[in-house]
2 protein chains.
Amino acid sequence: MLKERNLRMTRQRQVILEELRATDQHPSADALHERVKKKLPRISLGTVYRNLEILTELGEIRTIALAGSLKRFDGIPQNHYHMRCMRCDRLVDAPMDVVDSLERVLQEKTEFRILSHQLEFTGICPDCQALLDDNA
Amino acid sequence: MLKERNLRMTRQRQVILEELRATDQHPSADALHERVKKKLPRISLGTVYRNLEILTELGEIRTIALAGSLKRFDGIPQNHYHMRCMRCDRLVDAPMDVVDSLERVLQEKTEFRILSHQLEFTGICPDCQALLDDNA
DNA sequence: TTACTTGCAAATCGTTTGCGATATA
DNA sequence: TATATCGCAAACGATTTGCAAGTAA
């Protein structure tokens, strides 16, 4: 699966994959870099980032996009879900109710105390669909 | 509601709230800053950030933390949900199945083409619960 | 008159990128 | 040997923060 993309299995790529597979800690790039450095002391953080991206594209690992520092603001204080257009980055309210049962179902199966949840849909907005159709 | 926290209703705070309430565009802090500058040309981006934080704490508006900027990595390539501890930031697999019907339910009600969804639970992990109990 | 709030600029954080050097296939 | 990949360091974009001046109550 490396060949069709002209990719090479470097020692760095190998160790990054091994170390990630060896833990269930869902490390950040930085935390993984610290682990990998124990075996390859000279590896750089940039190399870790580059390989994590490639390994994700290959389907070998998953990148979890956490709800994080990037923010948008909403004049409506009630909780509701959103849809984001992956092409133009527009953010729109999702026309559906908040599903409280998601938290209840999970709470029955975990010691974690669940307090809230964040649900974001990704897709293509109508405007961008039209644009894409034009180009076809 | 301003009084109990010794907060003042400044012109800046007022206009930021008005402008955010006047749109359904879910602007970024920067985009909102551009709008507000038309009424208060000298207002700084830092002031916009500070007020958005306070208005969120007061429950007047909502801050939407977008999925994307912050990343974690997972050696298991199958899709699944996660729980994040709001105290220690630990990330753990959620013991529940992916709910495909969420996308179907929403797709029936929108022109948006839904392609995927991101669900993240927030709460307190068992270790941090124990710590909090000790301090009580 | 107090101390909350501002504008400005510098700092921070996670991530990305340009470069010349290195190593895989 | 060709070029994918590396290490390094600088660049990046969104957000946060320190400080002295301004202003609401």
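Remember, it's a predicted structure, so these values are computed and weren't measured experimentally. Here is how names work: the chains are called A, B, and so on, in the same order as the sequence lines, proteins then strands, and each is numbered from 1.
Looking at K37(B) and E34(B), a side-chain N of the basic residue comes within less than 4.0 Å of a carboxylate O on the acidic one, giving a salt bridge. A salt bridge links E57(A) to R5(A): one of the charged nitrogens lies within less than 4.0 Å of a carboxylate oxygen. A salt bridge links D89(A) with R72(A): the closest approach of a Lys/Arg side-chain nitrogen to an acidic carboxylate oxygen falls below 4.0 angstrom.
Interface limits on DNA chain C: the 5'-most and 3'-most nucleotides within less than 4.0 Å of chain A heavy atoms are dG14(C) to dA25(C).
Criterion: ILVMFWY side-chain heavy atoms under 4.5 Å apart, direct or through other members. Under it, L119(A) and M83(A) are part of a common hydrophobic cluster. Note on F121(A): it clusters hydrophobically with V98(B), by side-chain heavy-atom contacts below 4.5 Å among ILVMFWY residues. Tracing side-chain contacts under 4.5 Å through hydrophobic residues (I, L, V, M, F, W, Y), one never reaches L70(B) starting from L52(A); they form parts of separate clusters.
Atom CD1 in I54(B) sits about 12 Å away from atom P in dT16(D), given to the nearest Å.
Within residues 29-49 of chain B, the residues approached by DNA chain C to less than 4.0 Å at the level of any non-hydrogen atom are R42(B), I43(B), S44(B), T47(B), in residue-number order.
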F112(B) and H82(A): ring-ring contact (aromatic ring centres under 6.0 Å, His included), yes or no, with the steps? CA-CA 11 Å; F112(B) 231 86; H82(A) 297 91; over 10 Å; no

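Counting any heavy atom pair closer than 4.0 Å across all strands shown, S28(B) reaches no nucleic acid atom.
From Q14(B), atom CD reaches atom CG of L40(B) across 9.5 Å, with rounding to the nearest 0.5 Å.
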For nucleotides 21-25 of chain D, list the nitrogen or oxygen atoms of the protein found under 3.5 Å from its nitrogen or oxygen atoms, one pair per line.
residue : atom : partner : partner atom : Å
dA24(D) : N3   : R8(B)   : NH1          : 3.0
dA25(D) : OP1  : M9(B)   : N            : 3.3

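Checked by atom type, the side-chain pair D97(A)/H80(A) shows no donor-acceptor distance below 3.5 Å.
Distance alone, capped at 3.5 Å, is enough to place a donor-acceptor pair between the S44(A) side chain and the T47(A) backbone.
A close approach under 4.0 Å does not occur between any side-chain nitrogen or oxygen of R50(B) and OP1 or OP2 of dT16(D).
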